[in-house]
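In what follows, every heavy atom counts, from backbone to side chain, and hydrogens, waters and symmetry copies are set aside. A, B, ... follow the sequence lines: proteins, then strands. Residue 1 opens every chain.
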Amino acid sequence: MDNGLHRSSNEAVVVENLHKQFGDLEVLRGVSLRAHEGDVLSIIGSSGSGKSTLLRCINLLELPTSGEIKVAGEAILFNKTKKGLVPTDIKQVERLRTKLGMVFQSFNLWSHMTVLQNVMEVPIHVLKLPKAEAREQAEHFLNRVGLWEKRDQFPAFLSGGQQQRAAIARALAIGPRVMLFDEPTSALDPELVGEVLKVIKDLANEGRTMILVTHEMKFARDVSNQVIFLHNGLVEESGTSQQVFYETQSERCKAFVSSIH
Amino acid sequence: MPPNTYHNMSDLFANWQLLSFSDGGWGWRMLGGFWSTIQIAVGAYVLGLTIGLFGALGKLHGSTITRWLLEIYTTLIRAVPELVLILLLYYAGTGAINSLLDAMGHPPIDISGLVAGIAVLGIVQGAYATEVIRGAIRAVPRGQIEAAQAFGMSSITTLRRVTIPAMIPHAIPGLANLWLIVAKDTALLAVVGFSELALVTRQAAGVTHAYWVFFLAAGALYLSLTLFSNLLFKRLEKHARRGQPELS
């Protein structure tokens, strides 16, 4: 399958030589990745391999110690300080963040707002959409994730699977260039995982660009066109889904993905 | 006649007409004092909440110096008895303002008791509110604030749309306490001669010797204020917690 050097003009997210240090602990030790429009890129690896940190560096929920990040072709500007990188222009960061639809492991819906208000919040108060338009669009996305009937409920009254689907609708409503999923099913009861994975799979099938950190190996294998296996803060294996899961080079990655064969 | 001796029981309770609103009755003056009490309490509470919000944000996100100054403020104010603070801030405060005006070549001004009372009690309330609101903000799940950031909200929008509304349910019980405290602390302003409910009551009782009548009436007014406030805060809390399942 073509990962396309010649497609470099439509790069959605590029990470170059990223390092992240928490105190003495170096969680990322020079990681690069490249997601083009339409790519579904999965990041896999054992706990502590740095995969969530990598994802959270893309929208600067974590500040990298060094490295480069490009979102939708635009490089994030940093000042280098003793403590690491600090964004030069917070307005640029806020603008680029609206192109990245983040879905968290623990949903992180705003508990004082109804499901509908959660989905309308960013379009109204950040993107400055007219309220009627934001509402119409929010109802559309809630309908897509099968939660239109629950729109006036508060998040605490929904199941984990429903909350995560609402969180996906919230992320879709900002009209993101790339969806970022940070272990979206890890906090769910086993019987609720399926409904969330189905929604994510539908999004992949319609050609959405996605970067997905996950422990669901079968799912990663089936939806991704690119897979990165992280180990100890380094990319140990990367390539197409076929390459990483069936033509595995590294022994560690082989052992890690063997659980699904 | 010593004020605490009575000839018979009828003297004790018979003078309710002293509270009338006609000539010679103290009704209007009592209500006037009550109105002053409410004005000071509301003013001081709003001032205290404002100080408290900025104080809490300063303590959580401010520079080292800001945090130090706020720590000194909350420690000192909460360490010194309120009566002492009121005397200190009232006399020293008005004195300081007037010597400042004098140094700039302005004539001294007469600071109204209402403004001074609101300022003094507001500064005291602010110290307690700072701690209540700081605790409430810290109780907001980190992930909800992170989600706001991740979707490109500025820090001001995050504060206005997420942090403040999400901390309110945690803050209401503490802030309701502060309201009840400030409503009664207004009585301390009697020592600086401000004519609020407690001072009017003492004057009326002193003049008429009908201590029972006036202090019972004052008690009823304070109680009605408390009951009414409780009702209001209960509804507020219920509204603020509408997104949370009730504990059964």
(request) Sort A:E121 into side chain, backbone, both or neither according to what part of it lies under 4.5 angstrom from a heavy atom of chain B. (result) side chain
(request) Flag the pair A:E16 and A:K70 as a salt bridge only when some basic side-chain nitrogen lies within less than 4.0 angstrom of an acidic carboxylate oxygen. (result) no
(request) Could you grab the distance from atom CG of B:L189 to atom OG of B:S195, nearest 0.5 Å is fine? (result) 11.0 Å
Solution key, residues 133-140 of chain B side-chain donor-acceptor pairs under 3.5 Å, sequence neighbours excluded:
residue	atom	partner	partner atom	Å
B:R134	NE	B:E131	OE1	3.4
B:R134	NH2	B:E131	OE1	3.0

(message) For B:P245, which atoms come within 4.5 Å of any heavy atom of chain A: side chain, backbone, both, or neither?
(response) both
(request) Measure distances from A:A167 to the heavy atoms of chain B and classify the residue's part below 4.5 Å as side chain, backbone, both or neither. (result) neither
(message) Just verifying a value: how many Å separate A:F154 CZ and A:Q117 CD, rounded to the nearest 0.5 Å?
(response) 6.0 Å
(message) Counting heavy-atom pairs under 4.5 Å with chain A, which one of B:A166, B:G143, B:P169 comes out on top?
(response) B:G143
(message) Is B:A240 close to chain A through its backbone or its side chain, or both, or neither, when contacts mean heavy atoms under 4.5 Å?
(response) neither
(request) Flag the one option from A:H125, A:K99, A:M102 with the top tally of heavy-atom pairs under 4.5 Å to chain B. (result) A:H125
(message) Counting neighbours of NE2 on B:H239 that are heavy atoms of other residues, nucleotides or ligands and sit closer than 6.0 Å, is the number greater than 12?
(response) no
(request) State whether the number of non-hydrogen atoms from other residues, nucleotides or ligands found under 6.0 Å of B:F215 atom CZ is greater than 12. (result) yes
(request) Please look at B:R242 and chain A and tell me whether the side chain, the backbone, both or neither of the residue comes under 4.5 angstrom of a heavy atom of that chain. (result) both
(request) Could you tell me whether B:E237 and B:K234 have a side-chain N and a carboxylate O separated by less than 4.0 Å? (result) no
(message) At a 4.5 Å cut-off on heavy atoms, which part of B:Q149 comes close to chain A: side chain, backbone, both, or neither?
(response) both
(message) Taking side chain as everything from C-beta outward and backbone as N, CA, C, O, which of these in A:S106 sits under 4.5 Å from a heavy atom of chain B? Side chain, backbone, both or neither.
(response) neither
(message) Quick check on B:T157 against chain A: is it the side chain, the backbone, both or neither that has a heavy atom closer than 4.5 Å?
(response) side chain
(message) I'd like to know which of B:P141, B:S155, B:S154 tops the heavy-atom pair count under 4.5 Å against chain A.
(response) B:S154
(request) Counting only heavy atoms closer than 4.5 Å, note whether A:L109 contacts chain B via side chain, backbone, both or neither. (result) backbone
(request) Could you tell me which portion of A:L100 (side chain, backbone, both or neither) has an atom closer than 4.5 angstrom to a non-hydrogen atom of chain B? (result) backbone
(message) Taking side chain as everything from C-beta outward and backbone as N, CA, C, O, which of these in A:R56 sits under 4.5 Å from a heavy atom of chain B? Side chain, backbone, both or neither.
(response) side chain
(request) Please determine if B:R67 and B:E71 form a salt bridge, counting it only when a charged side-chain N lies under 4.0 Å from a carboxylate O. (result) no
(request) Give a yes or no on this: more than 12 heavy atoms of other residues, nucleotides or ligands lie within 6.0 Å of atom CD of A:E74. (result) yes
